[in-house]
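All remarks here apply to the structure that follows.
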Amino acid sequence: MAGLATSFGSGAMSNSMDDVANFAQAMFVIGSNTTEQHPVFGTMLRRAVKNRGVKLIVADPRRIDLTDFATLHIRQKPGTDIALLNGIMYILLEKGWEDKKFIEERCEGFDEFKAMVMQYPPEKTSVITGVPVETLYRAAEIMGTVKPMAVMWAMGITQHIVGVRNVMTLANLQMLLGNMGLPGGGVNPLRGQNNVQGACDMGGLPNVYPAYQAVTNEEARKKFEASWGVPLPDKVGMTVTEVIPNILEGKTHALYILGEDPVMSDPDTTHIRKCLEAVDFLVLQEIFPSETSAYADVLLPGVSFAEKSGTFTNTERRVQMVRKAIEPLGEARPDWQITRELAVRLLESRALDPDAPYATWQYRDTTDIMVEINALTPSYSGITHARLEKGERLQWPCPNVEHPGTPILHVGKFSRGIGKFNPIDHIPPAELPDDDYPFVLSTGRVLYHWHGGQMTRRAKGLLAVYDQALIEVNPDDAAMLGLNGKKRVKVTSRRGQIEAEAWVTDRVPPGMVYANFHFPEASANELTIAALDPVAKIPEYKVCAVKVEIVNNQQM
Ligand SMILES: Nc1nc2c(c(=O)[nH]1)N[C@H]1C(S)=C(S)[C@@H](COP(=O)(O)OP(=O)(O)OC[C@H]3O[C@@H](n4cnc5c(=O)[nH]c(N)nc54)[C@H](O)[C@@H]3O)O[C@H]1N2
Ligand SMILES: Nc1nc2c(c(=O)[nH]1)N[C@H]1C(S)=C(S)[C@@H](COP(=O)(O)OP(=O)(O)OC[C@H]3O[C@@H](n4cnc5c(=O)[nH]c(N)nc54)[C@H](O)[C@@H]3O)O[C@H]1N2
Ligand SMILES: [Mo]
């Protein structure tokens, strides 16, 4: 799911969490349930509002907890963010609130961009988004008059067929307002997994080597071939959302899955099961028997974070040391050791270049691996275990051991030189409600559980507070459906159905239901659609069409 690179580079936060919390005068949170999904940063945002009077705008179809702290809650229809943002930028331009100096000196493509934004006058925007015209004006007034403003987003923005276009539109907004490269501003995608940033930085993507050096770049490829002593392919690979469906196309024959549970987390579970049944060979490296392990030919026992040492890189590009707290249990081993053993066995049959420094995978520990990272990953060259052990707080880029790290990106200049405005038009979601499937389903998480729930459903304390999937249903819809004290609902899409208890709440607007994918007996992914963003290949988890019915014969 990683790596929604924008014209700003890597898809990491441009600013630091501290910096946003201490210097932003306004904050715009769009498509991030920050207090539940990033509780530490969520607390920092709440504190900034309470202690410094920061103006907070939340744009989210749901009434999430953070809206209690907001100056303004914009409640757009799911999947209408581009129209919403273009509509707000229309007003910013109408009022002359754009940062003319920043646009003139640091950006290009303004005229075409402006022509597109002019297609979104407030009345039209209001029809597409369902947001009242007055709310659009109020949002523009705060954004246009309070500086600096930091923008934060998460999956509410990216998990759409227009995920990349949504991100580019937010970049347009921050360039228009001149909120780039300064404390308290910036474009700040909140990364999800503890080390998704590190995994992307290390080349865990189909198109790049470590530090986003393209596999298609001859010079970069030569460098890695010389270091690893093997010829390397020059073709961009497939994303995870392409690899699994390609099994049924005969294009994928074997899978080696490390720490993912696609039966729970990929869209359209029925289809995923079919694919996993059909694959010739599946190796799964896990810390628990997951829903996916039923399909595995070989299980390799990895270990949890508490049983291994190394580094994680967080959402603000900060590299942090993790130290082993307990010895691995049973036959389990740290993931890097398993991968090393596999590599050594595979390489035994190959003639290696004896001069290549990292050809033989002779790492004794993760410090040895970090030495290789320092040598091959320019943005990490100065980030050594020794410095981290001393307690230095390092954020990449950090090109040498004297360098203090980089808390804010794009100061004075963007990484691609000049910031580019892109004209972006609204495109509706792949599947919208109709007479047969009249509700919008959106999906995500709750505070108490983690994705497929393999870890959190094993924690008694968490189950005590949240022990089953709940589906958020608006009170008006509950009345219309005749729920009337009954609890269980059946939700059906074109791809599958689930039954679960309804949580009748005005957190969701009428016409929308919200489900999570934490429990196998009622996982939202039985319903979701595998429509992908054409660039990032991220699925549209946040919108599909469903019908909702009462389950018959239930006890009251
Ligand atoms: N407790 C807990 N914390 C987690 C995780 C977990 O599983 N459990 N997972 C981690 C991971 S990997 C990730 S990626 C993050 C995810 O963090 P978030 O992205 O914050 O979480 P989500 O629940 O996916 O949904 C985000 C918000 O998007 C809103 N939304 C839905 N549709 C739209 C839309 O069309 N437009 C906009 N603007 N908003 C919309 C939803 O109402 C929701 O409030 O959380 C991380 N933190
Ligand atoms: N409907 C819907 N689906 C979604 C989303 C959504 O918002 N809506 N969000 C998507 C997003 S953003 C994400 S990130 C994915 C997450 O989806 P996954 O990555 O599949 O989910 P996780 O539960 O984080 O991790 C998978 C497995 O890793 C194992 N594991 C944990 N630590 C380790 C370790 O150190 N080593 C090894 N080998 N295994 C380990 C756990 O036991 C777990 O079973 O879900 C995606 N799916
Ligand atoms: Mo994620």
Side-chain angles (χ1 to χ4, degrees), residues 1-2 29-39 42 58-67 74-82 84-85 129 152-160 162 166 170 189-196 240-241 257-269 284-293 300-308 315 332-335 338-339 429 440-456 458 462 472 507-508 512 514-518 523-529 538-544:
M1 299 303 127
V29 173
I30 180 163
S32 153
N33 182 3
T34 328
T35 57
E36 289 196 75
Q37 267 40 88
H38 295 88
V58 174
D60 197 301
R62 288 161 72 225
R63 192 179 53 71
I64 52 173
D65 297 346
L66 195 62
T67 55
I74 305 172
R75 215 169 180 184
Q76 75 276 39
K77 290 183 195 159
T80 64
D81 296 272
I82 294 170
L84 171 70
L85 295 163
T129 60
M152 271 69 67
W153 72 85
M155 295 301 117
I157 279 298
T158 50
Q159 289 174 343
H160 294 278
V162 292
N166 277 346
L170 287 167
L190 308 180
R191 305 303 301 257
Q193 302 267 14
N194 55 342
N195 195 31
V196 59
V240 62
T241 46
I257 302 180
L258 248 124
E260 284 213 8
D261 190 8
V263 172
M264 290 302 291
S265 52
D266 278 9
D268 189 356
T269 311
L284 179 66
Q285 190 162 315
E286 251 292 350
I287 59 171
F288 290 120
S290 66
E291 293 301 305
T292 303
S293 50
L300 297 171
V303 298
S304 71
F305 69 96
E307 302 158 89
K308 58 191 172 194
T315 187
R333 293 192 210 176
D335 292 291
I338 301 174
T339 312
V440 171
L441 169 78
S442 193
T443 70
R445 322 153 153 76
V446 303
L447 175 65
Y448 307 103
H449 287 281
W450 189 266
H451 305 148
Q454 297 308 340
M455 297 178 282
T456 48
R458 288 181 165 83
L462 295 174
E472 295 176 18
R507 280 167 71 91
V508 279
M512 175 176 175
Y514 198 75
N516 64 60
F517 58 114
H518 301 313
S523 165
N525 282 323
E526 301 283 353
L527 309 170
T528 48
I529 185 167
I538 190 168
E540 189 152 69
Y541 289 119
K542 292 293 184 259
V543 186
C544 75

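We count ligands from 1, going down the list as the structure has it; atoms in each ligand are counted the same way.
- At a 4.0 Å heavy-atom cut-off, the residues surrounding ligand 1 are Ile30, Gly31, Ser32, Asn33, Glu36, Gln37, His38, Ala59, Asp60, Pro61, Arg62, Ile64, Gln76, Pro78, Gly79, Asp81, Ala154, Met155, Gly156, His160, Gly192, Gln193, Ser442, Gly444, Arg445, Val446, Leu447, His449, Trp450, His451, Tyr514, Lys542, listed by chain and number.
- Under the 6.0 Å distance and 45° angle rule, Arg62 counts as a cation-pi partner of Tyr514.
- From Cys544, atom SG reaches atom CD1 of Ile529 across 7.0 Å, with rounding to the nearest 0.5 Å.
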Pair Asp65-Arg507, side chain to side chain contact (heavy atoms under 4.5 Å, CB included): steps then yes or no:
CA-CA 9 Å; Asp65 297 346; Arg507 280 167 71 91; 3.1 Å; yes
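- Ligand-side atoms of ligand 2 in range of Val303: 34 (C), 35 (O), 36 (N), range being under 4.0 angstrom from any heavy atom.
- Residue Asp266 places no N or O, backbone or side chain, under 3.5 Å from any N or O of ligand 2.
- In terms of the ring pair (Phe, Tyr, Trp, His ring centres under 6.0 Å) criterion, residue partners of His449 (sequence neighbours excluded) are, by chain and number, Tyr466, His518, Phe519.
- Residue Gln454 approaches ligand 2 through these ligand atoms, each under 4.0 Å from one of its heavy atoms: 42 (O), 44 (O).
- Every residue meeting the side-chain contact (heavy atoms from CB on, under 4.5 Å) condition with Ile287, not counting sequence neighbours, appears here in chain and number order: Ser304, Met455.
- Less than 4.0 angstrom separates some heavy atom of Asp335 from each of these atoms of ligand 2: 34 (C), 35 (O), 36 (N), 37 (C), 38 (N).
- Among residues two or more places apart in sequence or in another chain, the salt bridge (charged side-chain N to carboxylate O under 4.0 Å, His left out) test is passed with Lys77 by none.
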Run the numbers on Glu472 and Met512 for side chain to side chain contact (heavy atoms under 4.5 Å, CB included), then give the verdict.
CA-CA 8 Å; Glu472 295 176 18; Met512 175 176 175; over 6 Å; no
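- Between Ile157 and Ile30 the shortest heavy-atom distance is CG1-O, 3.5 Å.
- Counting atoms of ligand 2 from 1 in the listed order, those under 4.0 Å from a heavy atom of Lys308 are 34 (C), 35 (O), 36 (N).
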